[in-house]
Amino acid sequence: MNENDMKRSIYDIFYIFRREFYTVFRDHAVLTFFIVLTLVYPLVYTYIYSNEVVREVPVAVIDQAQSSLSREFLRNWDASANVNIVAYCTDLEEARELMYQKKIYGILEIPADFSKAVYRGEQAHVALFCDMGALLNYKALLQAASDVAIAMGKQIQVEGLTYASSAHQQSTVSPVKIGEVKMFNPQSGFASFIIPAVLVLVIQQSLLLGVGTIAGTSRDRSRRKSMIPLNRHYRKAWCIVAGKTCLYMPVYFLMAFWVFFIVPRIFSLTQIAPKGELMIFLFPFLLACVFLAIAASFLSKEREQPFLLFVFTSVPLMFISGISWPKEGIPDYWLAIAKIFPSSHGIDGFVKINNLGATLGDVRQEYLWLWFLAVIYFVLACFLFRREIRRVTK
Amino acid sequence: MENLRSLWILMKREFRRLASRWLYWFIMLLAPAFCFFFFADLLKQGLPTNLPVAVVDEDHTAMSRQLARSLDAFAQTQVVMKTADFSEARRAMQRGEVYGIFHIPEDFRCEVSTGKEPIISFYTNDTYILPGSLVYKDMRLQSALANGAVQQTLLLAKGEGGPLIQAKLMPITVDTNPLNNPWLSYAVYLANILLPAFVFMFAMFTATYSIGEEIKEGTSGEWLRAGRGSIVLSLLGKLLPQTSIFLLIGLLYLSVLYGYLHFPLNSGFFPMFLAMLLLVLAAQGFAVFVTGIARQNRIALSFCGLWGVLSFSICGFTYPVRSMPELIQIASNLFPMRHYFLLYVDQALNGIGMIYSWQPYIALFLFTLLPLLTLPKLKLDLLEQRYLP
């Protein structure tokens, strides 16, 4: 390539960039995807989960023992942050009726022989019934009940050792102490777990929708259903891809900054990554997403089609990323398919760097994959445009 | 009679239109089939097993090795890493290679024997909440068992034993009754909502898109004429074929869930059939309503997309609506999937009388009636037949 060619190419790229700029900023549909969707969607989504955990699940209790011990059990249970006793019932039927009316989500029944069993030195049982419409309610109630059972059990054990010294009592009751630490998401919050993945997906999906709309619109407008105008500047495939990328990348630098740095801060989500390192990681992610969107836009034959093609893919993509569902439970062939989407590596790497404090070296594999995908989709996009150029100029 | 004949003609016309474009085939057949196979295949194991954890053993005694071995024996936990260095295990967790770390301190055995109360600690990574809580459960149980085993030895040594020893170790136990999902299967509660949510989304898209195309292709005048100028008749002729196709897909989903996979269906088939029928109708009702309001088809589609995607979260099957902010709790009523979810819990899962679920049934039905509000405007738009990009 001589110097003249080089100059021509650069001029073409600039021309295409300028034209693309007007296309994007004059078209409300594209702006909706590029700007509004990426601005608003993460906010709405995080807001839905902003309470993070399930608290004060309404329950009913049936206390057939009516003893001081059973009342103590119920008091302690009610005192836990997870539980809110809203009704005292006389039998299971009454409590069930309340459950059917959605007034309560769990029932705790203390049998009549509860305290007797304890005083006789037998094992005492309480029965917990849970509505399984939401698994998190069940978890909250069960955890609170077994915590109370263990704590009261220890007390009972200690009382049974009247002859022993207090140190001896302690070591008999719990010879081994147990320490539990929840790392990186100490309250087991729902937003802290699902939002990082959503943020990454929003970037990829909004690009797919936006660039798909641009492609569909230009096909709608051209008589020959072509993706490119009849214009001497649109003669080199790589110039077209480069020109478009020169516009999309800066727009998405801004949007990515909002999505990855500001949104988590607004909702005080975990952010333990050094900013610079995260940016270095996200650069090939954005690049791969842009090229994927350009290549995939060839599927969109008219302006309204991207919805029908791309929207539903978010949910399966979420599941194969290993966040909603652990990778160990996903068959290998789905994991292999997941590898061709930037979002899978993006989610993996972003979560590890941003939430677990991994270094760039720790996510080397994801990082290299993203560069690899960027190259693959760039080549694919160039190939598709070359075919389009040949079709148009014929 | 006349009306029935034109309805028949309209329906034939619509079937031809639907069959003539690959996009309709994609959204009515390919995409639903893909989602179905994908989730059925993904969730078929129920709970994931053999989740990787690391054991940090600083004690190196027979006792600590025994602890590690029995942790490995739990179905959901697999010890993939044994090390004496905690930071090595922590780094593995940061790389996402293990979901939990089980830590046995130095001189553990010695301290147990001398009554010094050593501390067993376990660490879980709740950034991955599902595997995190599964390995948490196993590691907590394992530490409790370790405790119990030591206590048991002590008590036996003192000559206390026999049938009451269990009561000595755990004076109070909680018997759990997870009603109607005793396996605590995630597959049951995910698949029951995910699949109908896709039917809902695709039915909305198809209805909105197919009406928009009439204007775009300039055929809306002809369409209305075929419906003898009646917007109601024309819409019925257009939507009934789609209703039947999506109802068929929905019923296929339901029969696989309840017939083939034997997920809980305690209500009998009819209440869920009714729920699915109303869900498809509500999807179309919502779609026509939005199409009537928005002059541009892409805006109507945007709304449908937003509603479809938000449905997955706001219906409350992973995170209960009761625990969401109040504003979202109120807004959740505007999503047909929310009502379908309530119906599923009442009917298929809990099998209670249909009378308890009258509200969600009525709510879904109201969504079906929504288009009545925008029909006049929709008719004007169709007559004007001007496509706005």
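Note on naming: letters A, B, ... go to the chains in the order of the sequence lines (proteins, then strands), and numbering restarts at 1 for each one.
At a 4.5 Å heavy-atom cutoff, the contact between B/L194 and chain A is made by side-chain atoms alone. At a 4.5 Å heavy-atom cutoff, the contact between A/V126 and chain B is made by backbone and side-chain atoms alike. The part of B/M201 that comes within reach of chain A is its side chain, from C-beta onward, which places non-hydrogen atoms under 4.5 angstrom from that chain. Of the atoms belonging to B/R298, heavy atoms from both backbone and side chain fall under 4.5 Å from chain A. Of the atoms belonging to A/D27, not a single heavy atom falls under 4.5 Å from chain B. Residue A/Y138 touches chain B through its side chain alone, counting heavy-atom pairs closer than 4.5 Å. If you measure heavy-atom distances from A/L308 to chain B, the contacts under 4.5 Å come from both the backbone and the side chain. Proximity to chain B is limited to the backbone of A/S324, based on heavy atoms less than 4.5 angstrom apart. Of the atoms belonging to A/S314, not a single heavy atom falls under 4.5 Å from chain B. With a 4.5 Å cut-off on non-hydrogen atoms, B/S332 does not touch chain A at all. Heavy-atom distances place no part of B/Y24 under 4.5 Å from chain A, backbone and side chain included. Using a 4.5 Å cut-off between heavy atoms, B/N50 touches chain A through its backbone atoms (N, CA, C, O) alone. Only the side chain of B/L23 comes within less than 4.5 Å of a heavy atom of chain A; its backbone N, CA, C and O stay farther away. With a 4.5 angstrom heavy-atom cutoff, A/I194 does not touch chain B via any of its atoms. Only the side chain of B/I352 has a heavy atom closer than 4.5 Å to any heavy atom of chain A. Of the two parts of B/V174, the backbone and the side chain both hold a non-hydrogen atom closer than 4.5 Å to a non-hydrogen atom of chain A. Contacts of B/Q78 with chain A are absent, with no heavy-atom separation under 4.5 Å from either backbone or side chain. Residue contact with chain B, scored on non-hydrogen atoms closer than 4.5 Å, is absent for A/I110. No part of B/T206 comes within reach of chain A, as not one of its non-hydrogen atoms sits under 4.5 angstrom from that chain. Only the side chain of B/L190 comes within contact range of chain A, with heavy atoms under 4.5 Å apart. Proximity to chain A is absent for every atom of B/M139, based on heavy atoms less than 4.5 angstrom apart. In this structure, the portions of A/R303 lying under 4.5 Å from any heavy atom of chain B include both its backbone and its side chain. Interface remark: B/I27 contributes side-chain atoms only to the contact with chain A (heavy atom separation under 4.5 Å).
A donor-acceptor pair shorter than 3.5 Å can be found between the side chains of B/D126 and A/S188. Between the side chains of A/E52 and B/Y319, not a single donor N or O lies within less than 3.5 Å of an accepting N or O.
In this structure, A/Q365 places its CD atom where only 12 or fewer heavy-atom neighbours from other residues, nucleotides or ligands lie under 6.0 Å away. B/R21 CZ: more than 12 foreign heavy atoms inside a 6.0 Å radius. Crowding of A/Y333 atom OH: a count of heavy atoms from other residues, nucleotides or ligands under 6.0 Å exceeding 12. Around atom CZ of B/R109, no more than 12 heavy atoms belonging to other residues, nucleotides or ligands sit under 6.0 Å away.
Across all their heavy atoms, B/S143 and A/I178 have their closest contact at CB-CD1, 3.6 Å. Between B/F198 and A/P316, the closest heavy-atom pair is CZ-CD, 4.1 Å. The two atoms that bring A/G133 and B/V345 nearest to each other are CA-CG2, 3.8 Å, heavy atoms only.
Within the 4.5 Å cutoff, no side-chain heavy atoms of A/K177 are placed close to those of B/P118. Counting heavy atoms from C-beta on, the side chains of A/I323 and B/Y128 come closer than 4.5 Å. Put simply, the side chain of B/P178 does not reach to within 4.5 Å of the side chain of A/F129, judged on heavy atoms. For the pair A/V54/B/R322, a side-chain contact is recorded, criterion being any heavy-atom separation below 4.5 Å from C-beta on. At a threshold of 4.5 Å between non-hydrogen side-chain atoms, the residues B/D175 and A/L128 do not count as touching. Side-chain contact between A/N51 and B/P325 is present, with at least one heavy-atom pair separated by less than 4.5 Å. The shortest distance between side-chain heavy atoms of B/Y209 and A/Q305 falls below 4.5 Å. Looking at heavy atoms from C-beta onward, A/Y47 lies out of side-chain contact with B/M324 at the 4.5 angstrom threshold.
With rounding to the nearest 0.5 Å, the separation of SG in A/C130 from CG in B/N181 is 11.5 Å. Put simply, CD on B/Q94 and CG on A/D362 are 6.5 Å apart, with the number rounded to the nearest 0.5 Å. Interatomic distance, A/E302 CD to B/N297 CG, rounded to the nearest 0.5 Å: 9.0 Å. The distance from the CG atom of B/L306 to the CG atom of A/L37 is 8.5 Å, given to the nearest 0.5 Å. Between the CG atom of A/L135 and the OH atom of B/Y186 there is a distance of 5.0 Å, given to the nearest 0.5 Å. Note that CZ of A/F319 is 11.5 Å distant from SG of B/C35, once rounded to the nearest 0.5 Å.
For the pairing with B/Y356, the side-chain hydrogen bond (donor to acceptor under 3.5 Å, both in side chains) check across A/E97, A/Q101, A/K102 returns one residue only, A/E97.
Cation-pi geometry between A/K182 and B/Y123 is not met: the NZ or CZ atom fails to fall both under 6.0 Å from the ring centre and inside 45° of the normal.
Put simply, of B/F317, B/F341, B/Y99, the one with the most heavy-atom pairs under 4.5 Å next to chain A is B/Y99. Counting heavy-atom pairs under 4.5 Å between each of B/R90, B/K216, B/Q329, B/E213 and chain A puts B/K216 at the top. No other option in B/N147, B/I119, B/D41, B/L43 has as many heavy-atom pairs under 4.5 Å with chain A as B/N147. Note on B/S313, B/P131, B/G316, B/G96: by heavy-atom pairs under 4.5 Å with chain A, the leading option is B/S313.
A/F312 and B/F202 have their aromatic ring centers within a separation under 6.0 angstrom.
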Verdict with reasoning, B/L51 to A/E328, per side chain to side chain contact (heavy atoms under 4.5 Å, CB included):
CA-CA 6 Å; B/L51 299 166; A/E328 288 70 21; 3.9 Å; yes
Hey, mind stepping through B/N125 and A/L356 against side chain to side chain contact (heavy atoms under 4.5 Å, CB included) and telling me if it holds?
CA-CA 9 Å; B/N125 182 358; A/L356 313 183; 3.5 Å; yes
How far apart are the C-alpha atoms of A/F193 and B/L130, what are their side-chain angles, what is the distance that settles it, and do they pass the side chain to side chain contact (heavy atoms under 4.5 Å, CB included) test?
CA-CA 10 Å; A/F193 126 80; B/L130 174 58; over 6 Å; no
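Proximity of a side-chain donor or acceptor of A/E180 to a complementary backbone N or O of B/F122 within less than 3.5 Å is not detected.
Taking A/K327 as the reference, A/D348 meet the salt bridge (charged side-chain N to carboxylate O under 4.0 Å, His left out) condition, with sequence neighbours excluded.
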